[in-house]
Amino acid sequence: MKELVEMIAKSIVDQTDMVRVNEVQGEKSVILELSVADEDMGKIIGKQGRIARAIRTVVKAAATKEGKKVIVDIQEH
Amino acid sequence: MKIIKQEGKTVEEAIRAALEKLGIERENADIKVIEEGSKGLLGLIGSKNAVVEVKEKVDHVKVGIEFLKELFLKLPLEANVEVVEEETNEEQIYYNIESKDLGIIIGHRGETLDAVQYLTSLVINKNTNSYYRVILDAEGYRERRKKTLERLARKLAEKAVSTGRKVMLEPMSPQERRIIHMYLKDDPRVITYSEGKEPFRKVLIEKKETLDNE
């Protein structure tokens with residue numbers, strides 16, 4: 001799941017080497033903390049959060065398959 | 001994107017050296033001559049090297065396929081992606097997905113398919129000046145959904161006309177709203193419009209006020 005988020009993020013930002021995904025295991029859910037370069041924040045969130053929403057939708061599909069709850073948390077550096 | 005500037009004694013030489021460095025064929029390159037270069041007097045005094053800029057042409061269709069393939073690999077889902085040539089042109093790229101897990105790929109009312117489609121369009125249009133519309137289909141899902149929406153539109157238009165009240169539809173994506181608007185555009189009895197903010201924007205169908213209400 002971590003690799004999935006990393007791959008999507010790297011495909012849409014400019015500064016690919018600044019993409020970090022940190023996986024935090026909770027009891028029932030997994031939190032994926034995604035951070036990108038400040039200049040790329042807009043590229044990962046999008047107008048009215050449209051890009052972030054699309055990423056979450058895809059991750060949700062992957063998570064449903066594995067029967068897990070996955071939260072994608074976009075963080076500033 | 002691979003791009004280099006190359007000097008050479010002649011334009012031709014510079015181009016050849018640049019193509020070699022990039023490891024690409026001439027037909028896959030965009031070439032810009034920056035400096036023609038000149039031999040100078042007797043090839044000695046005042047000779048100037050030619051300078052060219054060579055850029056690898058981006059195959060947008062391939063960029064999209066590679067992104068989708070990697071995405072499905074990471075999901076992980078077994079899926080086959082191909083380009084629908086007859087629907088692909090200078091403005092639009094149309095992909096079709098085949099998979100045993102089509103239900104997961106499409107998602108509830110196509111939300112996953114729409115999300116993947118949107119991300120693919122971002123990747124394809126990332127480094128271009130031109131814009132490609134990207135359509136992702138899954139074994140005819142788009143056409144089936146269109147038929148369903150048109151049936152729904154017809155039914156709800158009848159309801160708006162017979163009750164005289166406006167009918168509100170569920171939130172839909174811009175593409176789906178467009179299908180409803182287009183379908184009812186020629187129905188003289190009703191008007192359609194959208195209300196609300198994305199992603200909760202929805203279509204409303206209203207009976208047209210008749211001007212000759214005597």
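Note on naming: letters A, B, ... go to the chains in the order of the sequence lines (proteins, then strands), and numbering restarts at 1 for each one. What you see below is based on every heavy atom in this structure, not just the backbone, and it leaves out hydrogens, waters and symmetry mates.
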Part of A:Lys43 lying under 4.5 Å from any heavy atom of chain B: neither
Donor-acceptor pair, side chain of B:Lys74 and main chain of A:Lys2, under 3.5 angstrom: no
CG on B:Leu122 to CD1 on A:Ile51, rounded to 0.5 Å: 4.5 Å
Residues, nucleotides or ligands: over 12 heavy atoms within 6.0 Å of B:Lys159 NZ: no
Atom CD of B:Glu12 with >12 non-hydrogen neighbours under 6.0 angstrom: yes
For B:Pro199, the option from A:Arg50, A:Arg53, A:Gln48 that meets side chain to side chain contact (heavy atoms under 4.5 Å, CB included): A:Arg53
A:Ala54 versus B:Ala115, closest heavy-atom pair with distance: O-CB, 3.6 Å
Residue selection (most heavy-atom pairs with chain A, distance under 4.5 Å) from B:Leu71, B:Leu77, B:Val116, B:Leu73: B:Leu71
Residue B:Arg144 excluded, over 12 heavy atoms near CZ under 6.0 Å: yes
Atom pair CZ (B:Phe67) and CD1 (A:Ile12), whose distance is rounded to the nearest 0.5 Å: 7.0 Å
Flag if over 12 foreign heavy atoms under 6.0 Å of CZ, B:Arg178: no
Residues of residues 27-34 of chain A near chain B, each having a heavy atom less than 4.5 Å away: none
Exceeds 12 heavy-atom contacts within 6.0 angstrom, atom NZ of B:Lys57: yes
Exceeds 12 heavy-atom contacts within 6.0 angstrom, atom CD of B:Glu139: yes
Residues in residues 87-105 of chain B that sit under 4.5 Å from chain A, counting heavy atoms only: B:Asp101, B:Ile104
CZ/B:Arg189: more than 12 non-hydrogen atoms of other groups inside 6.0 Å: yes
Portion of A:Val13 that has a non-hydrogen atom of chain B nearer than 4.5 angstrom: backbone
Side-chain touch A:Val58/B:Leu75, heavy atoms, less than 4.5 angstrom: yes
Closest approach of B:Thr112 to A:Thr57 (non-hydrogen atoms, all atoms of both residues): CA-CG2, 3.9 Å
